[in-house]
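Being a predicted model, the structure only gives us computed values, none of them experimental.
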Amino acid sequence: MDYTQAAILALLQGLTEFLPISSSAHLVIPSLVLGWPDQGLAFDVAVHVGTLAAVVLFYRRDLFDMATACLGGKGQDAAGQRRLVAQLAVATLPAVLFGFAGDDFIEANLRSLPVIATTTLVFGLLLGVADRRGGGGAALSWGVAIAVGLAQALALIPGVSRSGVTITAALMLGLSRHDAARFSFLLSIPVIGGAGLLKVLDLMEQAAPVDWGALVFAALVAGITAYACIGLFLRLLDRIGLMPFVYYRIALAALLYAIWVA
C-alpha cells in the first residue's frame with residue numbers, strides 16, 4: 001500500500017467511523033472500483049488506534065470525571081458517573097458475546113456487496129424513522145443502555161453502522177439527539193479498544209514486515225479526521241438533524257447496488 005492509498009482509506013475510516021453512514025460500506029468501494037487489495041491487518045490496527053485516540057481525546061473530561069468517580073469520588077455527581085460507567089460496561093457485553101459467537105459466520109457469509117448495500121439502505125431508513133418520531137427528554141435508564149447495547153451488536157454485520165444503529169435505538173427509546181450521540185460515542189471506546197486489541201494480538205502472530213511510516217501516517221490521518229467529524233457532527237446535530245445522513249445512505253446503497261449489478 002502506497003501513501004496515497006493509505007491516506008484515502010484512513011480518511012474514509014476517520015470520516016465514517018462516527019458518522020451514522022457505515023464505515024464498512026465505504027471501505028469496500030475502493031477495492032471494488034479501483035481494484036485495491038485488502039489493506040491488511042496492520043493497517044486495520046493503525047486506523048483503530050487513530051479513531052480510538054480521537055474519541056478518547058474528545059471526551060477526555062468525561063472520562064476523567066468517570067475515572068475520578070470510580071476511584072473514590074463522593075457525592076451525587078460521582079454516583080451518576082459510576083452509574084454511567086456501569087451502563088457502558090453492560091451495554092458493551094452484547095457486542096462482545098455476539099462477536100465471539102458469530103464472527104466466523106459473519107466473515108464467511110455477510111461481507112458481500114448485496115448484504116452491505118441492503119443493510120446500508122434498511123438501517124438508514126430506520127435512522128430516518130427514529131429521527132422523525134423518536135427523541136425527547138428521557139433519561140438514560142438501565143433498560144435504554146441494555147437496548148442500545150443489543151442494537152450495537154447488530155453493527156457486527158457490515159453496512160449497519162455502529163454509530164447509526166446505536167443512535168437509532170437511543171432515539172427510539174426517548175433520548176435526545178445529543179444524549180443519544182454522546183452515549184453512542186462513549187460506548188465506542190471499549191468496542192474500538194477491544195477490537196483493536198484483538199487485531200494487535202493477531203498481528204503479533206504474523207511474521208510479515210511492517211511499514212511503520214505508512215501506519216503512523218494512516219493513524220494520524222484517521223485520528224485527526226475522526227476528531228474533527230465528532231465535533232462537527234455534534235455542533236450541527238440540532239441544526240440539520242439526521243435526515244441528510246439518511247438521504248446519503250439511500251444514495252450510497254443505490255451506488256452499491258449498481259456496482260453489484262454491473
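The two residues Ala7 and Val221 come nearest to each other via the heavy atoms O-CG1, 3.9 Å. In terms of heavy-atom proximity, Ile189 sits nearest to Leu52 at O-CD1, 3.6 Å. Taking every heavy atom of both residues into account, Ala69 and Ala78 meet most closely at CB-O, 3.4 Å. The two atoms that bring Leu173 and Ala147 nearest to each other are CD1-CB, 3.4 Å, heavy atoms only. When all heavy atoms of Gly164 and Thr168 are compared, the closest pair comes out as O-OG1, 2.7 Å. A pairwise comparison of heavy atoms in Ala169 and Ala151 identifies CB-CB, 3.7 Å as the closest pair.
Judged by distance alone, the side chain of Arg239 and the main-chain N or O of Leu236 form no donor-acceptor pair under 3.5 Å. At distances below 3.5 Å, at least one donor-acceptor pair connects side-chain atoms of His178 with backbone N or O atoms of Leu234. Side-chain N or O atoms of Gln87 include one that pairs as donor or acceptor with a backbone N or O of Leu140 at under 3.5 Å. A distance-only check finds a donor-acceptor pair linking the side chain of Thr119 to the backbone of Pro158 [under 3.5 Å]. With hydrogens and angles ignored, the 3.5 Å screen pairs a side-chain donor or acceptor of Thr16 with a backbone N or O of Leu12. Counting only distance, with no hydrogens or angles, the side chain of Arg249 and the backbone of Pro20 share a donor-acceptor pair below 3.5 Å.
Note: Ser22 OG to Phe245 CZ = 13.5 Å, rounded to the nearest 0.5 Å. Rounding to the nearest 0.5 Å gives a distance of 10.0 Å between OG1 of Thr120 and CD1 of Ile21. The CG atom of Leu19 sits 6.5 Å away from atom CZ of Phe233, with the distance rounded to the nearest 0.5 Å. Between Leu110 atom CG and Ile116 atom CD1 the span is 9.5 Å, to the nearest 0.5 Å. In this structure, CG on Leu71 lies 10.0 Å from CZ on Arg82, to the nearest 0.5 angstrom. Rounded to the nearest 0.5 Å, atoms CZ (Phe98) and CD1 (Ile106) are 9.5 Å apart.
Looking only at side-chain heavy atoms (C-beta outward), Leu256 and Trp260 stay at 4.5 Å or farther from each other. Taking 4.5 Å as the limit, some side-chain heavy atom of Val56 sits within range of a side-chain heavy atom of Leu63. Within the 4.5 Å cutoff, side-chain heavy atoms of Asp62 are placed close to those of Arg182. Side-chain contact check for Arg162 versus Ser184: some heavy-atom pair is nearer than 4.5 Å. The shortest distance between side-chain heavy atoms of Leu93 and Ile146 does not fall below 4.5 Å. Two residues are said to be in side-chain contact when any heavy atoms from C-beta on lie closer than 4.5 Å; Thr92 and Val191 meet this criterion. Counting heavy atoms from C-beta on, the side chains of Ile29 and Leu252 come closer than 4.5 Å. A heavy-atom distance below 4.5 Å is found between the side chains of Leu186 and Leu84.
The aromatic rings of Phe217 and Tyr3 are tilted relative to each other, their planes meeting at an angle between 30° and 60°. Ring-plane geometry between Phe58 and Tyr227 is classed as perpendicular, the angle between the planes exceeding 60 degrees on a 0 to 90 degree scale with a lower cut at 30.
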TODO: Could you walk me through whether Val160 and Val122 pass the side-chain contact (heavy atoms from CB on, under 4.5 Å) test, one step at a time?
DONE: CA-CA 8 Å; Val160 170; Val122 170; over 6 Å; no
- [ ] For the pair Ile230 and Val55, evaluate side-chain contact (heavy atoms from CB on, under 4.5 Å) and give the outcome as yes or no after the intermediate values.
- [x] CA-CA 8 Å; Ile230 294 172; Val55 69; 4.1 Å; yes
- [ ] Test Val129 against Met172 for side-chain contact (heavy atoms from CB on, under 4.5 Å), laying out the working first.
- [x] CA-CA 9 Å; Val129 172; Met172 288 288 197; 3.7 Å; yes
Task: Criterion side-chain contact (heavy atoms from CB on, under 4.5 Å) on Trp142 and Val90, from CA distance to verdict - done: CA-CA 9 Å; Trp142 282 102; Val90 169; 3.8 Å; yes
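At most 12 non-hydrogen atoms from other residues, nucleotides or ligands lie less than 6.0 angstrom from CZ of Arg132. More than 12 heavy-atom neighbours from other residues, nucleotides or ligands sit within 6.0 angstrom of CZ on Arg60.
Under the 4.5 Å side-chain heavy-atom criterion for ILVMFWY residues, no single connected hydrophobic cluster contains both Ile167 and Phe123.
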